[in-house]
Every structure is written in structure tokens, then in C-alpha cells.
Amino acid sequence: MRRRLVKQNEQVNNQEKSQPYNPAKLDSNLKENILQLKKLLDEPNDLIIREIAVGEDKVTSAIIYIDGLIDKQLVQYSIIENLQKLSVNSQLPKENMELFDGIYQTFITISSIEKGETLEDIANAILSGKTVFILDGQAKVMLMDTKGGESRSVEQPTAENVVRGPRIGFNENLGTNIALLRKTVQNSDLRLKTYQLGKQSKRSLIVAYVNGIINPIIVKEVNSRLETIDVSDVPESGFVEQWIEDSFLSPFPQIDSTERVDKAAAALLQGKVVILLDGTPHVLVAPMTLGDMLKSPEDYYERWLIGTLLRLLRYVAAFIAIFLPGLYIALVTIHSGMLPTDLALSIAASREGVPFPPVVEAFLMVITMELLQEAGIRLPKPIGQTIGIVGGLVIGDAAVSAAIVSPIMVIVIGLTAIAAFANPSFSTGITFRILRFGVMIAASIFGLYGIVLVYIMLNIHVVNLKSFGIPYSTPFTPTMVGDWKDLILRAPITMLTRRPKFLDPEDSKSVNKGVKDS
Amino acid sequence: MTKRLSRVMGSFLVLILLSSCWDAVNIEERGFIIGMAIDLSEDGKKDGEYQLTLTNQFAVPPGLGTPSQGGSGGDKGFMNISSSGTSLYAIAQDLANQTNKMPFFEHLKVVIVSEEVAAIPELFANVMDVFIRNRDTRRGIKVIIAKGKAMDILNIQPENEQVPARYINKILENSLSKTGEMKPVKVGDIHEFLLLRNSFVLSEVSSDGTKLHFEGGSVYKGSDNKVIGSLNKQDMLGYELITGQAVQGPIVFTYKDKLTAYSIREANSKVKIKVTDPENIDIHVTIKLEGEIQETFGKVIIQDKGVIQALEKEISNKVTEIANQSIEKAQQEIGADIFNFSENLHRHHYKIWKKINQDWDHGENYFSKSNINVTVKTEVRSDGVVDESKNKTIEE
Amino acid sequence: MKSFKNGDEKISVNELMIAIPSMVIGVGILSLPRVIAVETIGSDGWIALAIAGIATVLMVWLMAKLAASFPHQPFFSYASLIVSKPVAKVMTFIFAILFIGVAAYDIRVLGHTSQQYLFDHTPVEVVSLSFLLVVVYAVAGSRAGLFRLNMLFLPLIIFILLFVLVVNLKWIDVSNLLPVFKTDIKGYLKAVHTSSLSYIGISIVLFYMAFVDRPHKAPKAAMIGMSIPIILYILGYLFCIMVFGHAATSHLLFPTIDLAKRVELPGAILERIEAVFFVVWTMGVFTTTVMAFDIAILALRSVFKRIKKMTLVLFLSPTMYYLSMVPNDSSQITIFGDILGNITVIFSFTTTIVLIVIAKIRGVGSNDKKTK
């Protein structure tokens, strides 16, 4: 399916290339240029055009920016002030062309300046927070980076909490995010490749990887997929994820997303690609495999024994989250003989008078739980607590005392919910929720046999799934025993001397044995 | 296209959900049969077939009470339903019509067969067939013989347990693993015995309305296909010691004319058969006991020289006597190889076994003719935490 | 996608090693102790299992050796080299039919057994059909995926089997093993024959060898792989004898399930684990069926080159389903299995030997050996 999409895009791209887009060149007349620009943008009232006469000849010039997108202080002191002082400065060259260059060379104290030649350039620049300097008689402009405006400060990520580990998370500002990443991965081989995405609304996307560690095939694959992206705008990294993932039919996330800087940095150093998009704190990590679903950065920060036990616990939790309601249905309706006699009798006693069969009961409760979860996210924070009370008390207790569901069912659902929340990432939780329904349906038809059929189908799906060319089921299978040290077990750090083999990194050693410790 | 496909898939799913779930029965709609009793019906024999009465004991979960409801006092925790007929399966089906629940045999724990049924040739084996054959019934179901009516046993009202069958099961389980004299035989074992036409002993119980009483053992003779005799409690002890089962009972004997009780901690036995020709079979049974003195009316100080040896000798004599009694009863009175010596022959003396297999405990009855010697080795580990509980020296 | 190190085209030697026990462990394991015990006395059955096992290991080695002397060549192409093309065509076609039969038999036995132990009213047709659909889903995926499935399932199967054995340690009576060596030659021969039927399916080596990345290492790996089911079978047999005794073992329909049925785990959430055992056994049957199906497709496609894989899958699955529903009752299923097993064993053994002998005489394939 994906391949077909890619093909279509290629066709579209080719068509575009065959009839090249002809951007309007700038006029050398300043008035004309400004008129054209105003026309293009339809004279918005936050468009600021400040005209300044420069040099002895009082050549008309203008700076253009959009209010709110720029750093006012910067524009004030580094551009306007300097330009105004120009008129009293007599050392300026008279020649118009030299004047432009002179201003660029000596007077404007902005570090990052590009030059633009088309109206389009100006429009894009001011929309992304740049300030444009335009001089009468010149058919080119200076695009000065004065990005500013409102931005959230760097805070703790809300979704992926840890007890131990850095508290820093990405925010919506791409520059900040890159800086955070650079600070964490202080490696001269860190490569950043920038893309501009979106036909209607441009956004920057940066692919980060560490050269010399990552397998170039992965980089190539990521880049070739990113190049196919053809959407009008990209509001969130989820768009990118869905565009470049291998199979959109799969319930499994094939690209990891995280807000945590340490997680992204660790992924880079393992030989993965990190994709950052402007305007979202969620960065993408690719490729992803099955084992990554249940890994948390904290596993590595705690000592190995607890790290291993936590991993095991998460695998158990994953099993419960997916299979428990289905198992309940199977055991209570079809395989009652498998339960110990006393338990069977007490379940039977607790279900006495419940009007629905266990299947309906289970679906009712699971859907209720989904509702609670969804409502809990949507509700404003002060009211959010009420949902806990309403959910826990009213739905749970009242439903039991009204004999609509049995107490055992409430325990089962409660346990399932807790187990689902025990996994470290949200996208994993979504997978579990989807699979749970499949298991429940199969269990209600065939009991345990149905559950095993679903399990087999899941396995078939997983072994055929790939993430950027890497089998999703690695390192379980194709078996790479060396990678099992960091899978269900988390071996002591001193033993994790090699990067994951399944990523086939160029530099497989993560510990330099040649250099002495300390 | 995809829309239509999903619609087709959707309707298929709904179809499956609605039409199927062939085997789904809600757990509260199942009638959990915990115990079964099989009696001979009052009609006796009709049309050449024995009329049986089957009593099913259903557990009634609401009567058991959930912890949250604190047990709803008035309700009974069980329900006994009986019906008569010739085929057990047919009776069970008939019983199913009498209740609002689907009979469910997978939790069956105990089967009680009345001695009348067991004494009729072939009938016991036929009765057992349904339990061996059916996939719902496990091979671990315990089988005991009731003195008198079997259904009476299922009607006992234990004080601390609501379902009689569960109470019986618990007792049997305890006595199987730890103390106790009742050694229930499991369906799986019976299957093996019946296949080999071996003789075996089933525990026999009676009830007084609130408690279960152990009466001894019923001897089922493989070649006769019926229960042909019974063992009293003493015989049972000998039988258990010889066959090396987990016995932890007390041996009461006299030491210096005073009553003394020895408790067995561990017992095992070894059987060695020496055989040259079928007429000359020597069976050596060595019983090893380990235990301690629990009670004495006299004075026992183990530390004293020779006391242990003397005690051990007394105990050995007593146990040998018990064992010999059982052997004599088996050889002479009953004439059935309850000790399963034939299996030992089969394993270690295959050629001889092949020759006399058909005439072991019937026909020629080589079993009765064989010599059986019992040697007992006793060890006394301790005599309790005190050496004397009262000062007897003054009296003497 | 670029060919990554673990691409879909090649399978590793280890994957082949796992594939063999996954193929062999299938429907047979449930009834095996009974059919062996019936022919022998005491615990002598294990000797028959071992003899048949050693013979099979040798056969696997021969097959692997034969296929390895034509590295990266499918069965049809090297068979055409050795014997002429038409003969090779017939051979491949017969293999395809036999494997279709094996798959159909497995599907039916699974449905039948599940009715014996798991369901009362669910129709065999529905159970078998649902199983077949899952098999089709697997076959429609990549071939490398099948081998990965084996890697995922086989450890689970072995673990559960060993678990059942370990829990049964409480019940074993070692003296049940006696008497030993009392079976006569005729009994042994019969038992060896029966046990050889439980090792069918090894001819997958002939076909899958074309995909193995380092064929010269494969014969050894194949032998190691083959010894896994032999050890498991012998262990399972001895445990059945020790727990049930010889007499009961030879009268239980599925002694292995009864072994699991015997297990009572006090205090555990599940009191009875035979359903769990059955469920895991389903995975074992699944891997067998899928591989048989895949080989059938592989064989047919090497003869009829123009047919697409999906066309074959869609054509073969109804055929298999129909075939699996032909036997009416358990005795007919047994007859079906016996006939199929005998033909498969005899055909694959003779084919291998004939191919090896002719290859030796004509000197085909020896060139490849020299280059190594």
C-alpha cells in the first residue's frame, strides 16, 4: 500500500518538475516591491513596514516584519538603531550596490542573514519570523533571522514520567529542541538534515543521526521516505509518522515517539534516526522494534537487577493488558473446568443474578473503561478528578450492587486497566487496547482455542512487519542472541558493550575497550 | 470496494457472534457436581439389568456465600438429586432435566459406591467405565466404598463445611498426603488395575450424620470382578505398611507392661521375590519405620542404655504381627493379591509371571501358596521433649 | 527495501535447524506413546523410538548432503540435473501432493482432537476452517516469516512439554519401567515402523536447502535439529509409562494429553493445564501445517512456473479443506494418517537414495564439492 502511495507521489513530483514554477523576481523599485508584497499578503494589519532613509543620499529603505513573530528587542537595537545612525555616517559608499553590501558587512548586527531575490522569499521569510531589509534600487533583499515571539520554556515531559533521570523534555521550538539534543549528544558526528514540509504552510523538519554509528541504509531509507511527503501542512509529527510508516494496517507503532531528550539521545547513539518537527514536542525515533515497546529510559538508570525486574513486570503487564478480559471470558463461559473448584464456585456465586452473559458484561466494562479514559483526558484539570470518583465509585460500586456486573469482572477490568497503564509509552497502550478487543471477540467464540488463534495471527503479523527495512520481531527472531542482553533482561551496564546488532550499526562497540576507565 | 468489503466482514462477524459460541455456558448456569453416589436401586434387578440409583451432589454457589455478602445463612450450600436407571450416563442426562442448571462434571471430586454395587460381579467395573471414558472426568477422582447406602454419605452435615463432598474430599486428600488411614483409590489407578485384572483395596466408610467414619477396606478381586471381602482397620494398617504407603498412624504396644504409643513419621517397604519355580515363591517384605514415642503410661528414658533397642524390638514385633495378620487374611480368607505382588513378579520375573499370570490369585492360586516373610526395622528417633512427665519411681 | 543483513531472501542455518523439529512435532505427539506401547512390552518402546530416530537422523543428513551439493538450487532444478527433467517434474509433483495431504490431515486431526478435549458442540468444520484461515494468512506472508514463526513457537512448545513432564515427576513410579527387553523382534519391527511414521516431514530439507545461506553447514544443523524431537518423544514416552504404567498407556487415546490432565496445580490460578497444553500443541500443529502448505506451493511453483503464489494459495486451501473433511470418524482419520505416513516415508526415503546414487554414478554435483 505504502509503496503505491510513494509511486503516486513520485508521479506528482515529476509533473511539477516538468513545468517549473516561475517565482516573481523582485523589482528594483522599493515602492513597487512593497506594493506587490502587500498585494500578496492582502495587507494584514500585523505586517509592519518601517521606512528608513539611509546614507548621505537619504536612500529609501525599509524593514519588513510581522508583529509577534520577531524578537522586538533584537530588531530595535540590532537593526533599526544601526540603520538610523547610518545617516550621520559619512563613510558609507555612495554606489547603491556597494551601499547594500556595506550595510550587510558592517552595520547590521544580526548573526544569521540570508539573501533573497523573489517576492516569495520575502513572504516565506517574514512568515517564519525573519525581518526583511529592502533597499531602494536593489533587486535583492536581506532576510535576517530575528525569530522570537511566544514560546514555552523547557519543561518536564508530561506523558513519560520517570522517578530517576533527567527531567528535561522537548518543547514546541525546533531551535530549542535541536539545542537540547546537541547538548546531550556532544558528538561531532551528529548530523542534522533539514527539510521544509508542507505545500501551504511551511514547517521545518530535521532528521538527526550520528554518522559513523548508524547504518547508512537506514538514513537513506528515512530520507527517501521523507522526500515523498506531500501534504498541505504538517501540524504534528504524527502526520510524518503516518506518512512514512511501513504498514498503516498494523496495530503496532512502527515509529517510536517521545518527548524525552534522554530517550532521543540514547536512540541516536544506538544507531537510530531521530526526526524533529517544528511546533511539536514529540520527536520520532526510527526504526522501532517489538522490544522497544516496553523499554523505558529508566531501566538503564536504575541498577540492573531492578531494571530487569521492571522489564519482566512490564511483559507480564502487557500480557494481562491484552489477554486478561479474553481469558476471563474463555474461562468463565467455556473452560470452567480449568478453574480451581473453589474459585469456580465463588465466581459462580458472584455472577448469580447478573443478567448479562460474561461476554456482554466484559464488553460493557471494557467500553466503560475506554470512555472513562477518554473523558479523563478531555476534561479540564479541576474537573478531571471527578471522573475518577464517578468512574471508580459510581460505575464500579453501583454496577456491582445493582447486579449489572459481577465483582470479579470489576477486578478483572481494574487489573487490565492498571496493567495497560504500566507500559512506558502511550502508543503502546493504544496497541494493547486494540488487541484486547480482538482477543475478547475470539475468546467469546472459541474460548482458549480462539485466543491461541489470535496469538498465532499476531505472531504472523509481527514477523512479516518491518520498520524501515528491519524486521519488527528482531531480536526475538531473526534471533540475535547477543541482543537479548537488553531485551526482557537488562544486563548490567558493564556487559552492554555492543550496540544492538539488529540495527547493524557501522560502529558496533558502544564501549571503547581500548581506553582505560576514568 | 473497501467499503463493501468491510460491510461484508462486519456482517460476517455479527453472524458469528450471534450464531455461534456453541460451547459457551455462563458459569452460574453450570451445575457443579462435586460428589456422586452410586447405589443399587430398590427395584434390584429388572429385565436382566441392574437398576442403579445415581445421586449427584451439586454445589449451590449462592448458598456458599461470597465474602462480601457474609454468607447467606439460610440457604443450603448443596443439593442432592437422585434418579434411577441402568446406564449411568442416561441417569445423569435424566438428572439434568430435573435441575435448572447444566450438569458439569469437570469439578467432580469424589465418587462413592455402595458395597452392594461393588459386590455384584462386573458391575463395579461397568460403573467405573463412564468415569474413565468421559473426557470431563479427571483421572484424579477419588473412589471410596460406602458401608450401607452411598447416598447417605453425601447427606452428612459437617459442622465447618457446607458441601459434604468437599468435606469428604478434604479428608481424603489429607489422609492421602499426611496422616489418616483412608487411602482412596483414584479413577486412573482403578483403570490400571482393571486393565491388568489386579486386585486392590478400596477404603470403606460410613457416616453418622455429621462425620465420616473409616470402616476398613474392601477388597476388589480382579479375577472375580467384584468386591469379595473386607479388611478391618488393623488389616488396613498392615496392608498399608506392606505396600509402603504414607502411613503416619500410631502403633500402640506394651513396653514393660505399660501402654506406649509410637508414631510413625516415615514408613517404607521393599518387596523382594525369590522364585525358582511356580510352586516355590518366596516373598520377602522389609518394612522400615521411623518415628518417635508420643505417649507412655510407664517410664521411657531413651538415654538409658538398651532402652531404644528394647523399644525398637517391641515395636518391630508388634508391626510384624499386624503385617502377618493382614497377609494371612489376604492369602487364606480372601485369597486375593491385594499387595500387588504380581506386578513385582511381572517386572522382575517376567518369564515366571507369564507362566503363572492366569493362575496367580485364582485357579491354582499360587499367591496363597507362596511364602511371605516380613522383616521390620524400626527406628525410634526421640521420646518427646521431656524424659519424664511424672515421677513414677516413688510408686514402684 | 534494500536488502538488510536479515533480509527475506535467505534463511540462516539455525533457522533450518529449528524448522525441522517444528515440522516433525505435530499431530503425532499426542497419541504416540499409545501406538508405541501397544506394540511393545514394558518400557521397550523407547528402543524402537531411538532406532527409528537414528535412521531418520541419518536420512536427514543424507537429504541435507544431497541438497547441499547443489547450493542455492531448488529441488526441481537439481533433481532435473540428476535425473531427467520429466522425472524430476513427476517427483516434485508427488511431493506437492503428499504435503497437501499432510496439511489436510493435520487440519482434520486438530479439529477432531479439539472436539475431544476442548469443545462439545463446536462443529469440527468450524474449528478446522478457522485454523485453515490462520494458516492461509501465514502462508500468504513471506517465507522468512514462517521460519521466524518457528523460532517463536518451538521454544514455547518445548517449554510447555518439559513443564508437563517436570510437574509429573511427583507421580512417576520408576519401577513401572520394568520389565525391560522382553519384546520380541516382531514387536520391535512393528514399533520401529510406527515410530518412523511419527518422524515424517523431514523432506522439507530437500526443498528449503535452496534458501539456506551457508549450505555446507546445513547437514550438521539438520541432524541436531532432528535429534530434538527424538529426545522429546523418548522422554514423553518414558514419562507416560512411568506415570500410567504400560497397560494404561496402551489404552489411553491420547496419553500425552492425559499426562497434562493428571497435573493438578494446587494454589494456582489454573487448576488444570491440559487446555493450556492443548493450546500450545495447536501451535505445534500450526507450524507443521504451514510448512507443509508452503512446501506444496514451492513444489508446484517450481513445476508450473507461471502461476502466482496467491492463485495457488486460493486454489489449494479449499482443496485441503475438502480433503480434510473426507474421513468421517476417528478410525477413518487413523487410516488416512497411516496411508499418508507410509507413502510419505517410503517415497521421500527412496527418492533421496535414488537421487544420491544416480548423482554419484553420473558425477553430477561433485564439482561444487571441490570448490569448497
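Lettering of chains follows the sequences in order, A, B, ..., and the numbering in each one begins at 1.
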Heavy atoms of C:Ala260 and B:Arg138 approach each other most closely as O-NH2, 4.4 Å
So, the part of B:His348 with a heavy atom under 4.5 Å from chain C: the answer is side chain
d(B:Asp189 CG, C:Phe244 CZ) to nearest 0.5 Å is 10.5 Å
Pair count under 4.5 Å, heavy atoms only, with chain B: among C:Ser175, C:Ser250, C:Ala247, highest is C:Ser175
So, the part of C:Leu118 with a heavy atom under 4.5 Å from chain B: the answer is backbone
Would one find more than 12 heavy atoms of other residues, nucleotides or ligands at under 6.0 Å from atom CE of B:Met102? no
Closest non-hydrogen atoms of C:Ala248 and B:Leu195, given as atom of the first, atom of the second and distance, are CA-CD1, 3.5 Å
| query | Does atom NZ of B:Lys288 have more than 12 heavy-atom neighbours from other groups under 6.0 Å away? | reply | no
Separation between CD (B:Glu192) and NE2 (C:His251), nearest 0.5 Å, reads 12.0 Å
The interface call for B:Asn344 against chain C, heavy-atom contacts under 4.5 Å, is neither
Worksheet item: Would you say B:Lys101 has more than 12 foreign heavy atoms packed within less than 6.0 Å of its NZ?
Response: yes
